[in-house]
2 protein chains.
Amino acid sequence: MSVDTFSVLSEPTRRRILDRLLEAESSVNELAKALDVSQPTVSKQLKVLREAGFVTCRTEAQRRIYRIHARPFQALDDWLQPYRALWDRHLDALERHLDNLEES
Amino acid sequence: MSVDTFSVLSEPTRRRILDRLLEAESSVNELAKALDVSQPTVSKQLKVLREAGFVTCRTEAQRRIYRIHARPFQALDDWLQPYRALWDRHLDALERHLDNLEES
DNA sequence: GATGTGTATGCCTTGACAGGCATATACTGA
DNA sequence: TCAGTATATGCCTGTCAAGGCATACACATC
């Protein structure tokens with residue numbers, strides 16, 4: 001996973017953009033209006049999202065149509081994997097170990 | 001999910017602390033030594049992690065033993081859920097829709 | 001080419017925050 | 001009570017990034 005996947009997702013505006021792009025592809029202005037954010041702000045955040053692989057865009061006349069991509073989310077899913085041992089129902093070594101020291 | 005789960009995870013030192021705590025409970029000094037980070041830095045980051053629910057601690061004489069917790073990771077897992085539609089094998093409405101507009 | 005529309009970029013200000021260092025606080029044992 | 005150990009906190013500084021505004025750039029239509 002790219003080192004800064006979390007930084008990218010830590011920005012609320014970017015998460016709102018991703019939420020929206022999950023519903024449908026959108027142009028910059030569509031996003032700006034839907035989210036009530038200035039167009040430059042949207043463009044800047046889309047640039048961040050693009051460079052981190054969260055979105056790609058195609059050109060349609062003067063408009064740029066942005067689309068969400070799976071890969072960074074998959075990477076996040078992968079990153080999460082080892083931590084799932086914390087709540088997966090089957091008792092593995094880690095869980096047994098920690099439960100022996102239970103304090104909370 | 002707490003609004004700032006991603007902000008918490010966006011800090012590399014904090015992720016390293018969580019990595020380590022996933023292996024075993026640790027005191028502050030143990031973490032500081034293992035990660036080669038100053039003790040105040042560790043304490044500060046642990047405070048952030050504590051307030052976000054990633055860790056709890058118990059007192060053992062003068063030492064504070066920190067332990068990782070599942071809940072915020074589960075919240076992250078939940079947040080991820082809608083985005084799994086992007087790569088899940090079965091073709092749902094979203095995927096069909098986006099694929100009709102395929103460009104990449 | 002001139003004008004309009006859509007988007008990107010540059011500059012600026014402001015705020016958040018990470019870490020260094022010093023110090024306060026908490027607990028222990030002599 | 002004193003010294004030692006473990007941890008937390010306060011102050012300071014530097015860095016970085018978000019968004020406002022103006023403007024540059026790209027494309028279309030006439």
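Chain naming here is simple, since letters A, B, ... match the order of the sequence lines and numbering starts at 1 in each. On a predicted model such as this, the values are computed, not experimentally measured, just so you know. The analysis underlying the following values was restricted to heavy atoms, covering all of them including side chains, and did not include hydrogens, waters or symmetry mates.
If you take CD of Glu11(A) and P of dC16(D), they are 17 Å apart, rounded to a whole angstrom. In this entry the distance linking CG of Leu49(A) with C1' of dT7(C) reads 16 Å, nearest Å. Across the protein-nucleic acid pair, Asp4(B) atom CG and dA17(D) atom C1' stand 17 Å apart, rounded to whole Å. Arg58(A) places its CZ atom 16 Å from the P atom of dG6(C), with the value rounded to the nearest Å. In this structure, the CG atom of Asn29(B) is 17 Å from the P atom of dG4(D), given to the nearest Å. As rounded to whole Å, 17 Å separates atom P of dC17(C) from atom CZ of Phe6(A). We find that CG of Asp36(A) is positioned 10 Å from P of dG20(D), with the value rounded to whole Å. The nearest whole Å value for the distance from the CG atom in Leu46(A) to the P atom in dT9(C) is 11 Å.
A side-chain hydrogen bond (donor to acceptor under 3.5 Å, both in side chains) with Ser27(A) is found for exactly one of Glu60(A), Arg63(A), Arg64(A), Lys33(A), namely Arg63(A). Exactly one residue among Glu25(A), Arg50(A), Arg58(A) makes a side-chain hydrogen bond (donor to acceptor under 3.5 Å, both in side chains) with Tyr66(A). That residue is Arg50(A). Under the side-chain contact (heavy atoms from CB on, under 4.5 Å) rule, Leu49(A) has a single partner from Glu11(A), Lys44(A), His69(A), Arg14(A), which is Arg14(A). Of the options Ile17(A), Val42(A), Leu35(A), Leu21(A), a side-chain contact (heavy atoms from CB on, under 4.5 Å) to Ser26(A) is made by Leu21(A) and by none of the others.
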Please list each protein N or O that sits under 3.5 Å from an N or O in nucleotides 23-30 of chain D, with the distance.
none

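Close to dA6(D), at under 4.0 Å from its OP1 or OP2, lies no side-chain N or O of Tyr66(B). Phosphate proximity of dG20(C) to Thr41(B): present, with a side-chain N or O under 4.0 Å from OP1 or OP2. Side-chain nitrogen and oxygen atoms of Arg63(B) include none within less than 4.0 Å of the OP1 or OP2 phosphate oxygen of dT28(C). Phosphate proximity of dG6(C) to Ser27(A): absent, as no side-chain N or O sits under 4.0 Å from OP1 or OP2.
Candidate nucleotides dA6(D), dT9(C), dC21(C) were compared by shortest atom distance to the side chain of Lys44(B), and dC21(C) ranks first.
Nearest-nucleotide positions on DNA chain D place Arg50(B) closer to the 5' end than the other of Arg50(B) and Val48(A).
Counting any heavy atom pair closer than 4.0 Å across all strands shown, Ser43(B) reaches a base atom.
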task = Tell me, with the steps shown, if Leu76(B) and Trp79(A) meet side chain to side chain contact (heavy atoms under 4.5 Å, CB included).
result = CA-CA 11 Å; Leu76(B) 181 55; Trp79(A) 179 88; 4.1 Å; yes

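The aromatic rings of Phe6(B) and Phe6(A) lie tilted to each other, with the angle between the two planes from 30° to 60°.
Put simply, the side chain of Arg15(A) gets close to the backbone of Leu9(A): a donor and an acceptor are under 3.5 Å apart.
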